[in-house]
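Heads up: the structure comes next, in structure tokens.
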There are 2 protein chains.
Amino acid sequence: MKVDRRPYRRESEDSRREALISATQSLVAEGGPRAATVRAIADRAGVTPGLIRHYFGSKDELSRAAYRQLMDGMTDKGSEALAELGAAAPARLAVFVAAALRPPVVDGAAVGLWAGYLHMVRADPGLQAAHEAGYLRYRDTLEGLIRDLARPDITPAQTRAEAIACNAVIDGLWLEGGVLPHLFTSGELVRIGLTSVGAILGVNLLNEQSFVPELSLASLG
Amino acid sequence: MKVDRRPYRRESEDSRREALISATQSLVAEGGPRAATVRAIADRAGVTPGLIRHYFGSKDELSRAAYRQLMDGMTDKGSEALAELGAAAPARLAVFVAAALRPPVVDGAAVGLWAGYLHMVRADPGLQAAHEAGYLRYRDTLEGLIRDLARPDITPAQTRAEAIACNAVIDGLWLEGGVLPHLFTSGELVRIGLTSVGAILGVNLLNEQSFVPELSLASLG
DNA sequence: GGCCTTGTTATACACCTGCATAATCTGCCA
DNA sequence: TGGCAGATTATGCAGGTGTATAACAAGGCC
């Protein structure tokens with residue numbers, strides 16, 4: 001009594017790694033990290049479990065790769081939204097903030113993955129350095145946008161403190177929006193984010209909505 | 001060949017529940033949720049695994065209880081600091097915010113524990129309900145303190161949005177302070193928190209420092 | 001064509017997981 | 001002083017986990 005054997009299919013290394021990482025992320029997104037077993041991952045990637053060990057030394061290493069890809073994607077989202085427009089400083093800041101507070105950045109799966117690896121980040125110095133670099137890269141971008149506002153009589157130290165505060169607001173909103181999406185109406189996170197960042201900096205960012213196509217009035221709750 | 005039997009020791013129900021919850025929390029904080037197996041929990045609590053089922057119906061229920069206690073404990077820290085003084089509304093708000101932004105609330109282990117659970121929150125509806133309840137309890141307390149400021153011409157909807165924003169600032173600062181403590185000088189988190197919450201609400205909270213003994217100038221960086 | 005490297009699959013294994021249940025101990029009350 | 005109830009321990013079980021290893025397939029190279 002023979003069970004049918006999976007047809008042998010040879011594919012590129014990039015394609016296989018991508019499929020495995022993608023399968024890991026989607027499984028964690030749906031059923032939490034406990035659902036992301038080697039067998040489930042391999043099954044979804046259309047592959048047998050052995051390949052995980054072949055491409056990544058172990059399941060943990062695959063998980064780490066998935067985490068790294070998640071972080072890279074999130075930090076890039078804001079910059080991408082920025083690159084397209086050369087508008088005035090307040091509008092650029094508004095775009096950057098808004099990008100972090102709506103899908104695909106605000107996402108339960110992203111929060112879940114991020115939180116799941118937080119303790120590993122605390123334990124592993126290498127990952128901690130990477131995490132810190134990512135955090136500072138984001139905050140520095142924010143600080144640059146704040147500096148570009150060219151408000152008079154603002155010291156560098158104050159700009160730094162403001163960047164920390166704005167970053168915290170964004171982080172907090174991103175977090176709760178991802179974990180408890182049903183508590184916030186559509187567009188509410190963006191509106192609250194722009195309002196409070198504006199309040200912290202003493203500028204009005206809500207009027208900058210018109211500069212952002214995706215942030216039309218219709219998309220606000 | 002008989003293995004030695006654990007000595008029978010009878011203890012109060014409260015003591016046993018407390019020991020099991022405490023063991024669960026420390027294990028999750030150290031090694032993430034995966035480390036908190038029934039056997040490891042029972043071992044650390046000085047008990048056999050069967051007791052978990054005896055006092056809590058299942059391991060999941062124990063996890064939920066441990067998470068609930070964590071969330072409640074964080075809110076309680078603020079309320080405790082509040083209970084002692086019957087000062088004016090701005091001072092009370094300042095005390096509440098400051099309590100969340102310094103040890104023992106700001107703590108790497110606490111963040112690790114919280115993150116470990118957040119991982120599970122997404123998968124388990126029961127834990128999600130616990131998280132939502134804890135989050136709302138804290139935010140409602142904050143909203144009450146904001147309302148007590150009795151500023152003129154503030155709608156309930158605006159108060160709600162402000163509470164969400166202030167909660168986000170506190171969450172973000174608490175998080176980053178716990179994960180990357182070396183990036184912030186002592187007292188910086190408290191100062192930034194009071195400044196930005198004040199900016200969001202249009203009040204000055206920094207002057208309220210004098211009302212808080214532990215928040216003397218000496219403790220600020 | 002024969003061979004060898006390597007991607008891929010299948011199987012085996014040792015361990016661990018949570019849960020159920022039986023066995024045992026102890027304090028309390030009649 | 002017995003004995004019962006309930007707290008606590010020990011054992012068993014069915015299933016799942018990650019990983020190691022063997023078997024197989026296919027393409028490149030001489």
Side-chain angles (χ1 to χ4, degrees), chain A residues 1-24 27-28 30-67 116-117 120, chain B residues 1-24 27-28 30-67 116-117 119-120 123-127:
Chain A
M1 176 165 175
K2 260 193 180 174
V3 74
D4 32 20
R5 185 186 182 86
R6 174 185 296 275
Y8 188 97
R9 239 183 96 72
R10 211 184 181 94
E11 297 224 356
S12 76
E13 170 167 347
D14 284 354
S15 153
R16 282 275 128 103
R17 297 182 84 95
E18 209 283 325
L20 285 170
I21 287 178
S22 170
T24 304
L27 277 168
V28 171
E30 292 167 16
R34 299 188 67 148
T37 70
V38 283
R39 287 167 178 81
I41 293 170
D43 193 47
R44 178 158 303 193
V47 138
T48 48
L51 268 202
I52 289 177
R53 178 173 155 75
H54 186 258
Y55 280 114
F56 307 86
S58 68
K59 187 207 168 186
D60 281 350
E61 198 170 326
L62 166 58
S63 300
R64 251 174 261 138
Y67 171 70
Y117 285 97
M120 194 180 289
Chain B
M1 174 163 176
K2 261 193 178 173
V3 75
D4 33 20
R5 185 186 182 88
R6 173 187 296 276
Y8 188 97
R9 236 183 98 72
R10 210 185 182 95
E11 298 225 357
S12 76
E13 171 167 347
D14 284 354
S15 152
R16 282 275 129 99
R17 296 182 85 97
E18 209 284 325
L20 285 170
I21 287 179
S22 170
T24 304
L27 279 167
V28 172
E30 290 168 17
R34 300 185 61 156
T37 70
V38 283
R39 287 167 178 80
I41 293 170
D43 193 47
R44 179 160 302 196
V47 139
T48 47
L51 269 201
I52 289 177
R53 178 174 155 72
H54 186 259
Y55 280 113
F56 307 87
S58 68
K59 185 208 169 184
D60 282 350
E61 199 171 325
L62 167 58
S63 299
R64 259 173 248 137
Y67 186 65
Y117 275 120
H119 213 159
M120 290 190 281
D124 180 353
L127 268 183

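Below, chain A is the first sequence line, B the second, and so on; all start at residue 1.
Partners of A/Glu11 by side-chain hydrogen bond (donor to acceptor under 3.5 Å, both in side chains), not counting sequence neighbours, listed by chain and number: A/Arg9, A/Ser15. Under the side-chain contact (heavy atoms from CB on, under 4.5 Å) criterion, B/Ala40 pairs with B/Leu27, B/Thr37, sequence neighbours left out. With sequence neighbours excluded, no residue satisfies side-chain hydrogen bond (donor to acceptor under 3.5 Å, both in side chains) with B/Arg16. Under the rule for a side-chain contact (heavy atoms from CB on, under 4.5 Å), the partners of A/Ala66 that lie at least two apart in sequence or sit in another chain are A/Ile21, A/Thr24, A/Gln25. By the side-chain contact (heavy atoms from CB on, under 4.5 Å) test, A/Ala23 pairs with A/Ile41, A/Arg44, A/Ala45, sequence neighbours left out.
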Nucleotide by nucleotide, nucleotides 25-30 of chain C touches protein heavy atoms under 4.0 Å in the pattern (B base, S sugar-phosphate only, - none) BBS---
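Five base pairs at each end of the helix from C/dG1-D/dC30 to C/dA30-D/dT1 define two local axes, and these are offset by 10° (rounded to 10°).
Non-hydrogen atoms lying under 4.0 Å from DNA chain D are contributed by nothing in residues 11-23 of chain A. Remark: B/Val47, B/Thr48, B/Gly50, B/Leu51 in residues 43-53 of chain B come within less than 4.0 Å of DNA chain D through at least one heavy atom.
Applying the salt bridge (Lys or Arg N to Asp or Glu O under 4.0 Å) definition to pairs two or more places apart or across chains, none involves residues 33-43 of chain B.
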Which pairs would a plain distance check flag for residues 47-56 of chain B, meaning a side-chain donor or acceptor within less than 3.5 Å of a matching protein atom at least two apart in sequence or in another chain?
none

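Dashed line: the shortest gap from a side-chain N or O of A/Tyr55 to OP1 or OP2 of C/dT8 is under 4.0 Å.
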Nucleotide N/O of nucleotides 13-16 of chain D paired with protein N/O under 3.5 Å:
none

